[in-house]
Number of protein chains: 2
Amino acid sequence: MTGKPRDGGRKGFTDRELDIMSVLWREGSGTVAEVRDALGGDVGYTTVLKMLQILEEKEAVSHEREGRAYRYIPLVESVNAGGRALRRIVNKIFHGSAEMLLATLVEDRDFSDEEIQRMRSVLDRAERRRDEE
Amino acid sequence: MTGKPRDGGRKGFTDRELDIMSVLWREGSGTVAEVRDALGGDVGYTTVLKMLQILEEKEAVSHEREGRAYRYIPLVESVNAGGRALRRIVNKIFHGSAEMLLATLVEDRDFSDEEIQRMRSVLDRAERRRDEE
DNA sequence: CGTTGTCAACGATGACCTTCGTAGCGATCG
DNA sequence: CGATCGCTACGAAGGTCATCGTTGACAACG
């Protein structure tokens, strides 16, 4: 009857936590009020504050004083969080097949030619990187 | 002080739930004992049963009798769950950029030439699908 | 027929998530 | 100066998650 241990660091974000991290990644940093505004203002001020304090306890963000308020700064990088999340999905849902993942992604949404071209370039770069070593 | 409502259907899976759904997707179906074995046997029988009952309550699986036991069958398809999870990630972490997502994916792991070729084919198909309509 | 083993149902437990109410503190306004 | 405002700190409330103990059925073994 243990429940899960508090994630002292490293794993994943819950929905609300991800909402908040998303704002910080996009803006670079944010005070409580700024984050709350970016979320549309439909959550209470103290709720956002509490989430930020919990995220700090998990070492996902830190803060520095700015006037009377705190400015919160992400410590975890979005690319790292994204890599973890993608690994989880490709393993648990697509049985390790990146091809199936990509197929699901492109079928899910209509991408422009430019987007598809850029994705192709990503694959080209990956291949070139492979070849030259 | 509300907490989140129990997800009566549709959204996402928690870690353990995903472990279990992953087994059912891979095997097609499973009894409690089969799922438990597939997970490595390091969780209690009643834990697995309970999770399956919760998943059934969420309408992610159903069951039919098989001898004295129940056989659980996934109702949610992996591709749908994958699509939802990918949308969440691309929006919240990669700010809507599928290119960034793909770049993170291919940098995270070393793919073989065959895998990269297959991913390229996925993009080709997507483009062809776009052109012919 | 009693013991043993497999199985589903139920309830409890402990940790966490998300939401706020309330309080305290300093600055600003009137 | 007193009221108010913006801010952080504290803690509680109600819900989920993940785990399992216990119970009761039922069948198979000896």
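These values consider heavy atoms only, across backbone and side chains, with no hydrogens, waters or symmetry-generated copies. All chains are named by letter (A, B, ...) in the order of the sequence lines, taking the proteins before the strands, and each is independently numbered beginning at 1.
- Atom P of nucleotide C:dC17 and atom CG of A:D19 are separated by 14 Å, given to the nearest angstrom.
- A close approach under 4.0 Å does occur between a side-chain nitrogen or oxygen of B:T14 and OP1 or OP2 of D:dA18.
- At a threshold of 4.0 Å, the pair B:K92-A:E17 does not count as salt-bridged, since none of the basic side-chain nitrogens sits closer than that to a carboxylate oxygen.
- Across C:dA27, C:dA12, C:dT18, the shortest atom-to-atom separation from the side chain of B:K50 is found for C:dA12.
- Look at CG on B:L52: it is 15 Å from C1' on D:dC17, rounded to the nearest Å.
- Within 4.0 Å of A:R16, counting heavy atoms only, lie sugar-phosphate atoms of the nucleic acid but no base atom.
- The distance from the CG atom of B:L18 to the OG atom of B:S78 is 10.5 Å, given to the nearest 0.5 Å.
- Rounded to whole Å, atom C1' of C:dT6 lies 12 Å from atom CZ of B:R65.
- Within the 4.5 Å cutoff, no side-chain heavy atoms of B:E99 are placed close to those of B:F94.
- Side chain B:K4 to base D:dG14: no donor-acceptor pair is found below 3.5 Å.
- A salt bridge links B:D19 with B:R16: at least one charged nitrogen is closer than 4.0 Å to a carboxylate oxygen.
- At distances below 3.5 Å, not a single donor-acceptor pair connects side-chain atoms of B:R36 with backbone N or O atoms of B:V48.
- Both A:A69 and A:G3 sit near DNA chain D, but only A:A69 has its closest nucleotide nearer the 5' end.
- Comparing B:Y72 and B:T2, the nucleotide of DNA chain C nearest to each residue sits closer to the 5' end for B:Y72.
- Between the CE atom of B:M51 and the P atom of C:dA8 there is a distance of 16 Å, given to the nearest Å.
- Looking only at distances, no side-chain donor or acceptor of B:D108 sits under 3.5 Å from a matching main-chain atom of B:T104.
- Atom P of nucleotide C:dT18 and atom CD1 of A:I20 are separated by 9 Å, given to the nearest angstrom.
- Within residues 41-49 of chain B, the residues having any heavy atom under 4.0 Å from DNA chain D are, by residue number, B:V43, B:G44, B:T46, B:T47.
- Summarising the geometry, the separation between CD on B:Q53 and C1' on C:dG11 is reported as 12 Å, rounded to the nearest angstrom.
- To the nearest angstrom, P of C:dG26 lies 20 Å from CD of A:E66.
- Residue A:I54 is classed as a base contact, given a heavy-atom separation below 4.0 Å to a base.
- Remark: A:E115 engages A:R109 in a salt bridge, criterion side-chain N to carboxylate O under 4.0 Å.
- As rounded to whole Å, 12 Å separates atom P of D:dA18 from atom CZ of B:F13.
- Side-chain proximity of A:Y70 to the nucleotides C:dG26, D:dA27, D:dT8 is greatest for D:dT8.
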Cut-off 3.5 Å, no hydrogens considered: what does the side-chain donor-acceptor table look like for residues 67-76 of chain B, sequence neighbours left out?
residue: B:R71; atom: NE; partner: B:E66; partner atom: OE1; Å: 3.4
residue: B:R71; atom: NE; partner: B:E66; partner atom: OE2; Å: 2.8
residue: B:R71; atom: NH1; partner: B:S29; partner atom: OG; Å: 2.8
residue: B:R71; atom: NH1; partner: B:E34; partner atom: OE1; Å: 3.3
residue: B:R71; atom: NH2; partner: B:E34; partner atom: OE1; Å: 3.4
residue: B:R71; atom: NH2; partner: B:E34; partner atom: OE2; Å: 3.0
residue: B:R71; atom: NH2; partner: B:E66; partner atom: OE1; Å: 3.0

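- Between A:D110 and B:R130 there is no salt bridge, since none of the side-chain N atoms of the basic residue sits less than 4.0 Å from a carboxylate O of the acidic one.
- Ion pairing of A:D124 with B:R120 is present here, as a side-chain N (NZ or NE/NH1/NH2) and a carboxylate O approach within less than 4.0 Å.
- A heavy atom closer than 4.0 Å to some atom of DNA chain C occurs in no member of residues 32-40 of chain A.
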